[in-house]
Amino acid sequence: MNRELLVGVSPHLHEKDQNIERAMRDVLIALCPAAVVAIVVFGMNAFYIMAVSMIVAVLSEFVVRKIFRRKTSVNDLSALVTGLLFAFLLPPTTPLWVVAIGAFIAVGIAKELFGGLGKNVFNPALFARVALMISPLSMYVSKFVKPFYWRHTGFFSNVITSIDESVAGRIVYKGITGNVYMNAVTSATPLSLMKSGRMLVDTVTGPTPVGATWLTSGGRPSLWSMFLGCKAGSIGEISILALLVGAAYLLYRRTIDWRIPAGILGSFLIVMLIAWNNPVYELLGGGLVLGAFYMATDWVTSPSSKSGRWIYAIGIGIAIALFRLLSPWPEGTAIVILHFNVIALLIDRYIAAPKFGALKKRWINKLPVSP
Amino acid sequence: MKEQGLRTFKAGIHPPYLKELASGKAIKEAPVPEEVPILLQQHVGAPNEPLVGVGDHINLGQKIGSSEAFVSAPVHSSVAGVVKGIQEATNATGQKVKAVVVTPDSNQPQFSGVSRDIEALNAQDIVSIAKDAGLVGMGGAAFPTHVKLSPPKDKPIDIVIINACECEPFLTCDHRLLLERPEAIIAGLKLFMRAVGAEKGVIGIEANKLDALDGLRKAIGGSADIEIEVLEVKYPEGAEKQLIFAVTGRKVPLGKLPSEAGCLVQNVGTSIAMYEAAAFGKPLYERVITLSGPGIKETANLKVKIGTRISALIEACGGLTEDASKVIMGGPMTGWAQAELSVPVIKGTSGIVVLTESFVDVRDEHACVKCGKCVEVCPMSLMPNYIVTATQKGEWDKAEMWGALDCFECGCCSYTCPAYIPHVSYVRKAKAEIGAAKKAVKK
Ligand code: SF4
Ligand code: SF4
């Protein structure tokens, strides 16, 4: 019997179809419905943003890992996921060069500089989004447009490369095809309308695919518009329906833990109910649903125990609600989850279910005193 | 896969069981090999010293190694023959141990022992018979049986559980024994109960062996103190602490023995060996093992003489298939992969499983992505991912805090880890380091 036999430590079986690529593929599949809605609502512009973000994310990973002499890991698909998620967080007016910078920050810095997938502290997509928000480039990532604005500009042609605010009080979009559009298409997001108490004056006239008009309840998008995705917002966050369809798939595949979205949305709703601040509207608005199902559930940056996940999720839900209620900003999902990425490290350190057969049922770890 | 309403433990996994490969094969005698290396240490505890010299002629069942230590079990010859040498041999875990190598006679005698009335034996008799016959746990752990039968006086045992779970994939030897020898199992259980003074005996059996229930019920007959508990099919249902919890709802305190929870767990094979030792004076020199897996030509359940090399057994089953790539001694979840097929079967060997390339899913280890799946499946409710990170950093105190010492190496965590982290090898390293550190402190 002369043959090479494999050795290696037990167990010698591995769960079928349980690996990192599979999880990443699941997320990519789950994001598809929302991506399609983004293109329908914001035109091919949304597609260009997603494509640039994903391409730059993959290239950054490839190049940075080469520089660090790490093994290429492009086929674990995680860069694609980060790229797509980052694109989801951007307003449809983001110039493509800003998208590229952000995608590089996400993968090259937030992920690889920390040591690669698994070692990163922050959710890379959120990290890059917030980095842009507080950078000099912030003006490029804060202008939202009306849904179906492309009816004025054309479905394909509107690639926005820069924004020029020099014309007094007006915003000029410059496209690579030479198109320039006025501020007629910009719009406040539903949450900022709520915050400011302003009404939206509909300057986009005519019917939309989802109904005779998307403006119903008192100068704000109706609940149906909010749910289906007919509203101003970041390209991936608008359609709650599409996000939920994808989330159902992820839950079915057990790729994400239901405790995290349940904890976030539940506690958020409770706070909003107590404050009686239009809870359903708040739930459907902004990046909350995207954050709860796709950002906070990120394996690497959330706690790994069930009890820890409950604490993390409930904490996030309450914090987002308080942020929206008390801060001057309409939305805080990204910044709150980013903070909880750090808190997750602490939670994992201190919170663990008692071991099977433990005499003292302790939920809080006593860390050994290092000599 | 999940049977509703059956008792079980918390967490765990559902690997493919593939028991059907061998469960239909009745137990057959394996051929007597040409050379029999009998290891002098086959159990947990102190090693034995040889009682025979080179050139001696020894009988079937003769004691050939023993030790003065309490935690140890003597070994007996599985054949009649001549001692060819006493030398170092490698066991399944890769350690070097002393072995008595016997060349069997061409004519092997039948075993002739005593005939005892087992009803007349008292507790002390049973314990000393178990010790004398070299009984150890035959499910794999190989802990000396007489030690288990002598619990501390202040920890009375009220329940004896026969572990008939056989939760490891592929293995079917216990299933065959349940089908073919239920009377012997029940007789052994009664002896265990008498030895420790337990009022109750329970057979904990997974729901994938329901065909054995009829025979067991018949064997139990009118004994009201013996029950059968059908358990959910889940791995590791047959792990001692998990089984005790599933059957009784009691938790064995961390770091303590089952006697602390008033329980004694014995394996099906051990139970039969107990009966045979008591009734006929037959020492433990042969056992039933399963040969199975996609990489072996014929699957079988064989009664094998301790000391038979696994190469001989594989040959008896028609050899390996072309694409066989891993030969495992024991089950695929906790067994040891063998590079050399010359290692001999010992008392704790429950099977030989041969996997093919398509079954062996080896990949490079990725950094932990903290998915928490290992935490979810760990039957001890540990944090396997942080045991690993602490071990990687050499932070032994933290590794201990996360539960390195409480891990019983079931492998659920690695089975489900998307990053393909071999937790068990980290745990072993951490255990060794923590143990060494504790010894140093004592000195
Ligand atoms: S299963 Fe693997 S990747 Fe997931 S937390 Fe555990 S060790 Fe990390
Ligand atoms: S940590 Fe140990 S006890 Fe827990 S699942 Fe892993 S091997 Fe099993």
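By convention in this document, chain letters (A, B, ...) are assigned in the order of the sequence lines, proteins followed by strands, and residues within each chain are numbered from 1.
Minimum interatomic distance between B/Cys371 and A/Trp299 (heavy atoms only, all atoms of both residues): CB-CD2, 3.2 Å. Contact between A/Val9 and B/Ser425 at its shortest, heavy atoms only, is CG1-CB, 3.8 Å. In plain terms, the two heavy atoms of B/Arg428 and A/Ser10 that are nearest each other are NH2-OG, 3.8 Å. Contact between A/Val7 and B/Lys326 at its shortest, heavy atoms only, is O-CE, 3.6 Å.
Atom-to-atom distance recorded for B/Leu254:CG and A/Lys355:NZ is 6.5 Å, nearest 0.5 angstrom. In this structure, the separation between CD on B/Glu376 and CZ on A/Arg254 is 5.0 Å, given to the nearest 0.5 Å. With rounding to the nearest 0.5 Å, the separation of CG in A/Leu5 from CD in B/Glu340 is 8.5 Å. A/Thr255 OG1 to B/Lys373 NZ: the interatomic distance, rounded to the nearest 0.5 Å, is 6.0 Å. One distance of note links NE2 of A/His12 with OG1 of B/Thr334; it measures 8.0 Å at 0.5 Å rounding.
The number of heavy-atom neighbours closer than 6.0 Å to NZ of A/Lys119, taken from other residues, nucleotides and ligands shown, is 12 or below.
Only the backbone of B/Pro379 comes within contact range of chain A, with at least one heavy atom under 4.5 Å from a heavy atom of that chain. At a 4.5 Å heavy-atom cutoff, the contact between B/Gln338 and chain A is made by backbone atoms alone. Using a 4.5 Å cut-off between heavy atoms, B/Trp402 touches chain A through backbone and side chain atoms alike. In this structure, chain A has a heavy atom under 4.5 Å from the side chain of B/Tyr386, while its backbone stays farther away. A/Ile20 touches chain B through backbone and side chain together, each having a heavy atom under 4.5 Å away. With a threshold of 4.5 angstrom between heavy atoms, B/Glu357 does not approach chain A through any atom at all. At a 4.5 Å heavy-atom cutoff, the contact between B/Cys368 and chain A is made by backbone atoms alone. Heavy atoms of A/Lys306 lying under 4.5 Å from chain B belong exclusively to its side chain.
Considering only heavy-atom pairs separated by less than 4.5 Å from chain A, the leading option among B/Gly335, B/Pro332, B/Gly255, B/Gly330 is B/Pro332. Top candidate by heavy-atom pairs under 4.5 Å with chain A, chosen from B/Lys251, B/Arg250, B/Gln242, is B/Lys251. Interface remark: of the candidates B/Pro422, B/Gly372, B/Pro418, B/Pro418 forms the most heavy-atom pairs closer than 4.5 Å to chain A. Taking A/Leu359, A/Asp17, A/Leu117 one by one and counting their heavy-atom pairs under 4.5 Å with chain B, the maximum is reached by A/Leu117. Among B/Ala419, B/Pro169, B/Gly411, B/Ser381, the residue with the largest count of heavy-atom pairs under 4.5 Å with chain A is B/Ser381.
Along residues 62-75 of chain A, the residues that come nearer than 4.5 angstrom to chain B, judged on non-hydrogen atoms, are A/Lys71 in order of number. Within residues 345-354 of chain A, the residues having any heavy atom less than 4.5 Å from a heavy atom of chain B are, in residue-number order, A/Leu345, A/Asp348, A/Arg349, A/Ile351, A/Ala352, A/Ala353, A/Pro354.
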Go through A/Glu15 and B/Ile13 one step at a time and tell me if the side chain to side chain contact (heavy atoms under 4.5 Å, CB included) criterion holds. CA-CA 9 Å; A/Glu15 189 171 348; B/Ile13 55 171; 5.7 Å; no

Apply side chain to side chain contact (heavy atoms under 4.5 Å, CB included) to the pair A/Ser305 and B/Met383, showing each step before the final yes or no. CA-CA 8 Å; A/Ser305 66; B/Met383 295 278 250; 3.9 Å; yes

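The main-chain N or O of B/Tyr420 is never found under 3.5 Å from a side-chain atom of A/His14 such that the two would form a donor-acceptor pair.
Among the candidates B/Leu355, B/Asp361, B/Ile328, the single residue satisfying the side-chain contact (heavy atoms from CB on, under 4.5 Å) test with A/Leu13 is B/Leu355.
Between A/Phe356 and B/Phe245, the ring planes are perpendicular. Angles over 60° get that label, and only those under 30° would be called parallel.
With a 4.5 Å cut-off on side-chain heavy atoms, A/Asn19 and B/His366 do not count as touching.
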